[in-house]
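Encoded as structure tokens, the structure appears first; notes follow it.
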Amino acid sequence: MDDASSAPDIAGNLAGVRARIDEAARAAGRSPADIALVAVAKTHGPDAVRAAFANGQRVFGENRVQEAQAKYPPLRTERPDLELHLIGPLQTNKVREAVALFDVIETVDRLKLAAALAAEIDKTGRRPRCFVQINTGEEPQKAGVMPADADAFVAEARKKFDLPIDGLMCIPPLADEPALHFALLREIARRNGLTALSMGMSGDFETAIRFGATHVRIGTAIFGER
Ligand SMILES: *Cc1c(COP(=O)(O)O)cnc(C)c1O
């Protein structure tokens, strides 16, 4: 939570990020309108979200259910057209809260979680979009479905649970060339008929756009260091 003396220039940062998205889209022969900017506000207080909203930002990302629960209910009342994405791990005991709060859940990564989400959606009628997180780097400590299991996972989550899956997300290993991971994610999406691709963060979003990202998740470049 920034104090006034070190407050980042959120309006200026947002304008800069948007200009870079536009430029990367044009360079790739894509329409900037096809790329959603997910402003990742984790660790920043509600006033940072308000500042971004006042500058035209509507889509926000959070990586912890509990933090989002504390932050967004009042913001949602103020700003009904705010769209909220969960981009961090989801435990099955938080599924009820997540379905109530988020519009997009980007981190579906286990059949047990898919089943719990489907049951909650059935019960409440609230139907957040779901993306499957793919562990493109096959890192043991990282969440996500292994690339080799992705097709079967998507098929089962759809067929067995009727989960509204329409996208994929990945977080490439820090040390790797991200383009390889973005290309892999795009290929898995293509063969499974998934249209949304959530990939690219502050350090690599232009590359992600070149590889077809429809959602870029950007925190630091907008809100400053955490
Ligand atoms: C924090 C986070 C981001 C944003 O990262 P920056 O480098 O600050 O842009 C994107 N995706 C996920 C999953 C995150 O946890």
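For reference, positions follow the sequence shown, starting with 1. Each ligand, and each atom within it, is numbered from 1 in the order the structure gives. FYI, side chains are in, hydrogens and waters are out, and symmetry mates aren't considered; it's all heavy atoms of this structure.
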Protein residue, atom and distance nearest to [atom], heavy-atom basis:
{"atom": "atom 9 (O) of ligand 1", "result": "Ser202 OG, 2.5 Å"}
{"atom": "atom 3 (C) of ligand 1", "result": "Lys42 NZ, 3.8 Å"}
{"atom": "atom 12 (C) of ligand 1", "result": "Ile87 CD1, 3.4 Å"}
{"atom": "atom 5 (O) of ligand 1", "result": "Met201 CE, 3.6 Å"}

(message) Take a 6.0 Å sphere around CZ of Arg110 and say whether it holds more than 12 heavy atoms from other residues, nucleotides or ligands.
(response)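 Check passes, neighbour count above 12.
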(request) Kindly check if the number of other-residue, nucleotide or ligand heavy atoms within 6.0 Å of CZ (Arg64) is above 12? (result)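 Not buried by this count: 12 neighbours or fewer within 6.0 Å.
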(request) In plain terms, say whether Glu206 and Arg20 are close enough for a salt bridge, that is, a side-chain N and a carboxylate O under 4.0 Å apart. (result)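 Looking at Glu206 and Arg20, the cut-off is met.
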(message) Could you check whether Glu23 pairs with Arg26 (Lys NZ or Arg NE/NH1/NH2 to Asp/Glu carboxylate O, under 4.0 Å)?
(response)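 No, Glu23 and Arg26 are not salt-bridged.
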Which ligand 1 atoms are under 4.0 Å away from a heavy-atom of [X]?
{"X": "Thr220", "answer": "6 (P), 7 (O), 8 (O), 9 (O)"}
{"X": "Ile171", "answer": "13 (C)"}
{"X": "Ile218", "answer": "9 (O)"}

(message) Over 60° means perpendicular and under 30° means parallel, so tell me whether Phe131 and His215 are parallel, tilted or perpendicular.
(response)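 Ring orientation of Phe131 relative to His215: perpendicular.
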(message) Side chain or backbone, does Arg217 bring an N or O within less than 3.5 Å of an N or O on ligand 1?
(response)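 Yes; at least one N/O pair falls below 3.5 Å.
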(message) With respect to Gly219, determine whether any N or O atom, backbone or side chain, lies less than 3.5 Å from an N or O atom of ligand 1.
(response)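 Yes, there is a polar N/O contact under 3.5 Å.
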(request) Give a yes or no on whether the backbone of Leu84 and the side-chain of Asp103 come within a donor-acceptor separation of less than 3.5 Å. (result)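 Flag set: sc Asp103 to bb Leu84 pair under 3.5 Å.
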(request) Say whether Glu106 and ligand 1 are in contact under the criterion: heavy-atom distance to a ligand atom below 4.0 Å. (result)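 Flag not set, Glu106 not near ligand 1.
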(request) To the nearest 0.5 Å, tell me how far His181 NE2 sits from Asp204 CG. (result)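 Going from NE2 on His181 over to CG on Asp204, the span is 10.5 Å.
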